[in-house]
There are 2 protein chains.
Amino acid sequence: MTGSNNQTSTGRARPGRTAATQARKESVLEAALECFAELGIEGTTIHDIQRRSNCSIGSLYHHFGSKEGIAEELFLDGIGRLNRGMLRKIKVCSNAEQSVHAVVGYYVEWTTRNQPMARYLHSRDVDFSPQARQRLKRIHRDYITAVFTFFAPFVERGEMRVLPLDTYVPLISGPIQEYVRRWLSGHHPNGPRKVKALFADAAWNAVKS
Amino acid sequence: MTGSNNQTSTGRARPGRTAATQARKESVLEAALECFAELGIEGTTIHDIQRRSNCSIGSLYHHFGSKEGIAEELFLDGIGRLNRGMLRKIKVCSNAEQSVHAVVGYYVEWTTRNQPMARYLHSRDVDFSPQARQRLKRIHRDYITAVFTFFAPFVERGEMRVLPLDTYVPLISGPIQEYVRRWLSGHHPNGPRKVKALFADAAWNAVKS
DNA sequence: CATTTACTAGAACATTATTCTATAATAGGA
DNA sequence: TCCTATTATAGAATAATGTTCTAGTAAATG
C-alpha cells in the first residue's frame with residue numbers, strides 16, 4: 001500500500017533505479033529534518049518538505065504514504081544510525097569499564113554532532129502508529145540484545161552486576177540522555193562535553209560489581 | 001490576544017464567573033489529554049477535543065488561541081503538577097538519602113497513577129513555540145532552584161557531592177525517567193514499581209559523598 | 001440601570017493533507 | 001530489441017482540518 005521500501009537505510013540496495021529511489025527518499029528525510037528544525041514539527045507542512053526536497057506531492061505520497069509516514073521513517077532512520085554507531089564503537093572495547101565509558105562518550109559526541117536529529121529523536125519518543133511502534137519495538141529489542149550479547153561476558157566475569165535486562169540501558173544512558181535533552185530544549189546553555197567524564201563515571205558506578 | 005489567563009491552574013481564582021471559566025478550561029485540557037491518549041497527538045483534531053469537552057469552537061479559541069495552545073497549556077499544567085507534588089513530597093524529608101529515595105519513589109508512583117499525562121509529557125519535551133519555551137524554561141528554573149535550595153544544606157553538611165547545578169536532576173532522575181519512558185512507549189511490559197528500589201539506590205549512589 | 005468586558009456559539013473561510021488520474025521511466029522476459 | 005508489468009513522478013482536484021469572524025449572551029462594574 002505504501003510502496004517499495006525494499007531496504008532499511010543501511011542496507012546496500014541493488015543498483016539502477018533502486019539506488020536513485022533510495023537517494024530520493026533520503027533527500028526527503030533530510031529535507032524533513034531541516035524543516036522540523038527550522039519550523040517545528042507541527043509547523044512544517046508537507047509542501048515545505050516537498051519544496052525543499054524538489055519532490056512532487058505524488059512522489060512523496062508514493063514513497064511515504066503520509067506526512068506521519070515521513071516523520072516515522074525519519075525517526076526510525078535516526079535511531080538506527082545512532083544504534084549502529086554505538087555498537088560499532090563499543091565492539092572495539094575489551095573490558096566493561098571501557099565499554100560503559102564508550103557508551104556515554106559516543107552519545108555525547110553523536111548528539112553534539114547531530115543536534116537536529118538528536119532534538120528530533122527527543123521530541124517524540126512515544127506516540128506512533130501501531131505499525132511504527134512495532135518496528136521501533138523491534139529495533140529497540142535488537143539493540144538491547146546486541147548490547148547485552150556484548151556485555152554478557154563481562155557480567156559473567158564478575159566485572160558488572162547482574163541486573164534485570166531492561167535496567168542496564170536506563171542506568172548507563174539515562175543521566176546523560178536527560179542532561180542532553182535539557183540542553184537541547186534550551187533549559188541550560190552548556191553542552192554535554194564538559195560533563196562527559198562525570199556522567200561516564202556515574203554510569204560505570206551504577207553497573208560495576 | 002489569547003484571552004484571560006489570570007491564574008495558573010494552581011492558584012485559587014476569584015469566585016463567580018472566573019471559577020466557571022477555570023473549570024471549563026480544565027475540562028478542555030482533560031478532554032485533550034483523553035484524546036491524545038486514544039487517538040495520538042497528531043491524530044486528534046480540534047473537533048475531537050471540542051466534542052468531548054462540550055465546548056464550542058469559539059470558546060476553545062477564546063481561551064487557548066490555537067490547537068498548539070491547548071497542547072502547550074496541557075504540558076505546562078502537567079509539569080507543574082508533577083513538580084509541585086514532588087516538592088511537597090521531599091520537603092518532609094530530613095536527610096539527603098531519604099530525599100533522593102523520595103524523588104525516585106514519587107516519580108514512580110506519579111507516573112504509574114497518571115500514565116496518560118506521563119506519556120504525554122514524555123512525548124514532547126522539546127519543540128514548542130518561543131513563548132511556551134520561555135514559560136517552560138522558567139518552570140524548570142524555578143523547580144531546580146527550589147530543589148537545590150532544599151538540598152543545599154545536605155551538600156554543605158557533606159552528605160552529598162558538590163556537582164554542577166544542572167547535573168543533579170539528570171543523575172538522580174535520569175535512569176528512572178528513561179526506564180519509565182521505555183515502559184510507557186511499550187518497549188517492555190514491566191511497570192517501574194519492581195525496580196523502584198534499584199533505581200533509588202543507584203540515584204543515591206550517584207550523588208552521595 | 002447602563003455600559004463594558006468576558007464568554008459562547010457556529011457559520012464562513014483559509015490552510016493543509018490526501019487522493020486521483022495521467023504520464024514517464026525502468027526492469028525483466030519473449 | 002520490443003513488449004509488458006512495475007515503479008516512480010507530477011500536479012490538479014478533493015477532503016479534512018485549523019482558524020477567523022460576526023453575532024449574540026452572561027457576568028461584572030460603576
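The chains referred to below are lettered A, B, ... by the order of the sequence lines, with proteins before strands, and numbering in each begins at 1.
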Peer 1: Taking the minimum atom-to-atom distance to the side chain of A:Thr21, which one of D:dA8, C:dA9, D:dA10 wins?
Peer 2: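 Minimum distance to the A:Thr21 side chain belongs to D:dA8.
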Peer 1: Below 4.0 angstrom, N of the basic side chain to O of the carboxylate: do A:Glu38 and A:Arg52 qualify?
Peer 2: yes
Peer 1: Calculate the interatomic distance between B:Leu60 atom CG and D:dC21 atom C1'; express it in whole Å.
Peer 2: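 My rounded result for the distance is 16 Å.
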Peer 1: Within a radius of less than 6.0 Å around CD of B:Gln131, do more than 12 heavy atoms belonging to other residues, nucleotides or ligands occur?
Peer 2: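 12 or below, so no.
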Peer 1: Find the distance A:His63:NE2 to C:dT18:C1' and express it as a whole number of Å.
Peer 2: 16 Å
Peer 1: Check this for me, if you would: do A:Arg135 and A:Glu73 make a salt bridge, where the nitrogen-to-carboxylate-oxygen distance has to be below 4.0 angstrom?
Peer 2: yes
Peer 1: Looking at B:His62, I'd like to know whether one of its side-chain N or O atoms comes within less than 4.0 Å of OP1 or OP2 on C:dA9.
Peer 2: no
Peer 1: Should the pair B:Lys25 and B:Phe64 be classed as cation-pi, given the thresholds of under 6.0 Å to the six-membered ring centre and 45° from the axis?
Peer 2: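 The answer is yes, since B:Lys25 meets both limits relative to B:Phe64.
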Peer 1: Round to the nearest Å and state the distance from B:Phe64 atom CZ to C:dA9 atom P.
Peer 2: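 Rounded to whole Å, this separation is 14 Å.
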Peer 1: Between B:His188 and B:Tyr179, how do the two ring planes meet: parallel, tilted or perpendicular, split at 30° and 60°?
Peer 2: tilted
Peer 1: Between atom CD1 in A:Ile70 and atom C1' in C:dA17, what is the gap in whole Å?
Peer 2: 11 Å
Peer 1: Looking at C:dA9, I'd like to know if its phosphate oxygens (OP1 or OP2) sit under 4.0 Å from a side-chain N or O belonging to B:Arg24.
Peer 2: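 Checking C:dA9 against B:Arg24, a side-chain N or O does come within under 4.0 Å of OP1 or OP2.
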Peer 1: Think A:Ser56 has a side-chain N or O under 4.0 angstrom from the OP1 or OP2 of D:dA10?
Peer 2: yes
Peer 1: Starting from P on C:dG10, measure out to CD on B:Gln50 and report it in whole angstrom.
Peer 2: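 About 8 Å, once rounded to whole Å.
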Peer 1: Summarise protein proximity over nucleotides 12-18 of chain D in one line of letters, 5' to 3': B for base, S for sugar-phosphate only, - for none, counting protein heavy atoms closer than 4.0 Å.
Peer 2: -----SS
Peer 1: Would you say CZ of A:Arg193 has more than 12 non-hydrogen atoms from neighbouring residues, nucleotides or ligands within 6.0 angstrom?
Peer 2: yes
